[in-house]
Amino acid sequence: MKFFNTLKVATIGLMAIFALNTTAAAQTTLEEIQSSGKLRIGGVTDAAPTFKKDRRSGEWQGIFIDIAESLAKDLGVELEIVTTTWGNSVLDLQSDKIDIMFGLNPTEARKKVIDFSSPVFNNAFTLVVRDDAKFETWEDYNKPEIRIAVDAGSAHDATVTKLLPNATILRFDNVSEASIALQSGKADAQCFVMMLSLPIVKKNSQLGTVIAPSPVSYTTSHAGFQRKPGDTSLQEYVNAWLAKNSESGFIGEAVKRNMSLVGVTPEDFPSNLKL
């Protein structure tokens with residue numbers, strides 16, 4: 001009888017341990033974050049206006065810092081910022097050093113190893129133009145006599161190649177060389193995404209005026225997540241959160257507010273942009 005009682009106690013103990021392990025294993029990523037009390041994001045120290053870390057105080061600022069702080073607050077957890085680089089951020093997601101990395105574009109290579117959110121905000125393709133080449137639509141620029149400067153092989157290059165097949169596209173090794181061509185009069189316009197064109201023109205107003213030709217063409221900024229087959233809890237929560245906060249205007253306000261880190265004010269944005 002003593003043997004059976006001992007066996008019964010041991011069996012109950014094993015069942016309890018199994019139950020505890022099963023419960024722990026069954027936690028979703030979202031539940032793990034809420035249990036830990038922390039949301040870990042990657043932060044790039046010198047990437048204003050998206051991320052910026054003060055070297056003296058250690059304080060973080062930026063578009064994605066404001067967004068992540070609000071997200072963590074709604075999750076009921078603290079925000080933990082883990083210093084990373086754009087190059088290392090995917091590895092940091094895969095090795096579980098961070099939960100989310102904002103500012104990653106879903107390239108084909110990245111989509112093979114991590115998951116992505118819906119768009120966080122829209123980053124419009126804009127043209128910086130001289131006053132005598134200021135038109136309203138992309139089609140207005142789609143003429144052989146219009147010279148468009150781009151950095152070769154970039155998203156800027158791909159966009160004007162698609163939208164302006166009849167224009168004369170001048171390709172340069174980098175953004176700076178393309179800007180020199182514009183400023184010297186060798187080009188009529190230069191294509192940039194909004195996040196680049198606005199601060200560049202703010203620093204050098206002689207370069208031209210930023211316009212967003214209609215219909216406005218956008219690229220998008222996304223957040224990346226560690227891929228966990230069968231567990232999309234965090235991704236689904238973030239997507240719903242982004243939809244709500246985009247509709248409320250919070251995301252757009254965070255973008256415009258933090259562009260001040262690179263000297264841009266809300267008044268500098270073309271009026272037809274939708275963030």
Side-chain angles (χ1 to χ4, degrees), residues 21-22 24-53 60 62-72 74-75 77-123 125 151-159 162 193 195-196 217-246 251 254-255:
N21 288 338
T22 302
Q27 272 199 322
T28 65
T29 302
L30 186 61
E31 290 168 339
E32 289 174 358
I33 289 169
Q34 292 173 321
S35 296
S36 71
K38 290 183 179 180
L39 174 68
R40 303 167 302 165
I41 70 161
V44 181
T45 56
D46 191 16
T50 55
F51 296 102
K52 182 180 179 181
K53 184 179 183 181
W60 286 88
I63 295 168
F64 295 134
I65 299 301
D66 281 8
I67 290 172
E69 285 179 341
S70 182
L71 173 62
D74 286 351
L75 278 167
V77 299
E78 293 182 0
L79 179 65
E80 180 179 318
I81 304 167
V82 179
T83 300
T84 187
T85 64
W86 295 120
N88 290 335
S89 58
V90 171
L91 293 175
D92 287 345
L93 284 169
Q94 291 179 297
S95 60
D96 199 33
K97 291 182 179 178
I98 56 178
D99 302 305
I100 303 178
M101 183 65 200
F102 286 98
L104 292 181
N105 289 327
T107 64
E108 291 304 314
R110 286 172 176 167
K111 285 192 288 187
K112 292 178 181 178
V113 294
I114 62 173
D115 292 326
F116 288 91
S117 72
S118 55
V120 178
F121 67 86
N122 295 318
N123 193 2
F125 285 102
D151 43 321
S154 66
H156 309 136
D157 188 351
T159 296
K162 177 182 177 180
V193 287
M195 302 293 285
L196 290 177
S217 178
Y218 294 97
T219 184
T220 51
S221 180
H222 299 252
F225 310 93
Q226 181 184 5
R227 177 164 294 160
K228 296 183 179 181
D231 178 9
T232 58
S233 57
L234 180 59
Q235 183 181 15
E236 291 173 5
Y237 181 93
V238 170
N239 284 345
W241 187 91
L242 288 172
K244 175 183 175 182
N245 283 274
S246 293
I251 301 292
V255 172

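Index from 1, following the sequence.
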Can you tell me if [X] uses its side chain to pair, donor with acceptor, with the backbone of [Y] under 3.5 Å?
X: Asn245; Y: Trp241; value: yes
X: Thr232; Y: Gln235; value: no
X: Asn123; Y: Ser221; value: no
X: Arg227; Y: Gln94; value: no
X: Asp92; Y: Ile98; value: no
X: Ser246; Y: Ala243; value: no
X: Arg40; Y: Ile33; value: no
X: His222; Y: Ser117; value: yes

For residues [X] and [Y], determine if any side-chain heavy atom of one lies less than 4.5 Å from a side-chain heavy atom of the other.
X: Leu242; Y: Leu71; value: no
X: Met195; Y: Ile63; value: yes
X: Phe225; Y: Thr29; value: no
X: Leu104; Y: Trp86; value: yes
X: Asp99; Y: Gln226; value: no
X: Met101; Y: Val90; value: no
X: Asn105; Y: Phe116; value: no
X: Ile65; Y: Ile81; value: yes

Distance, nearest 0.5 Å, that separates [atom1] of [X] from [atom2] of [Y]:
X: Glu236; Y: Thr28; atom1: CD; atom2: OG1; value: 9.5 Å
X: Glu78; Y: Leu39; atom1: CD; atom2: CG; value: 11.0 Å
X: Ile100; Y: Ser89; atom1: CD1; atom2: OG; value: 13.0 Å

Point to revise | Residue pair Asp231 / Ser233, side-chain donor-acceptor N/O under 3.5 Å | key: yes
Residue pair [X] / [Y]: nearest heavy atoms and the distance that separates them:
X: Thr159; Y: Ser217; answer: CG2-OG, 4.3 Å
X: Asp66; Y: Ala254; answer: CB-CB, 4.3 Å
X: Ile41; Y: Ala68; answer: CD1-CB, 3.6 Å

Check your understanding: side-chain contact (heavy atoms from CB on, under 4.5 Å) between Thr45 and Trp60: does it pass, once the steps are laid out?
Key -> CA-CA 8 Å; Thr45 56; Trp60 286 88; 4.0 Å; yes
Exercise for review: Describe, in one word, how the ring planes of Phe102 and Phe64 are oriented to each other, choosing from parallel (under 30°), tilted (30 to 60°) and perpendicular (over 60°).
Suggested key: parallel
Practice item. Inspect the surroundings of CD in Glu31 and state if more than 12 heavy atoms from other residues, nucleotides or ligands are less than 6.0 Å away. Key: yes
Exercise for review: Identify whether the distance between the nearest side-chain nitrogen and carboxylate oxygen of Lys228 and Asp115 falls below 4.0 Å.
Suggested key: no
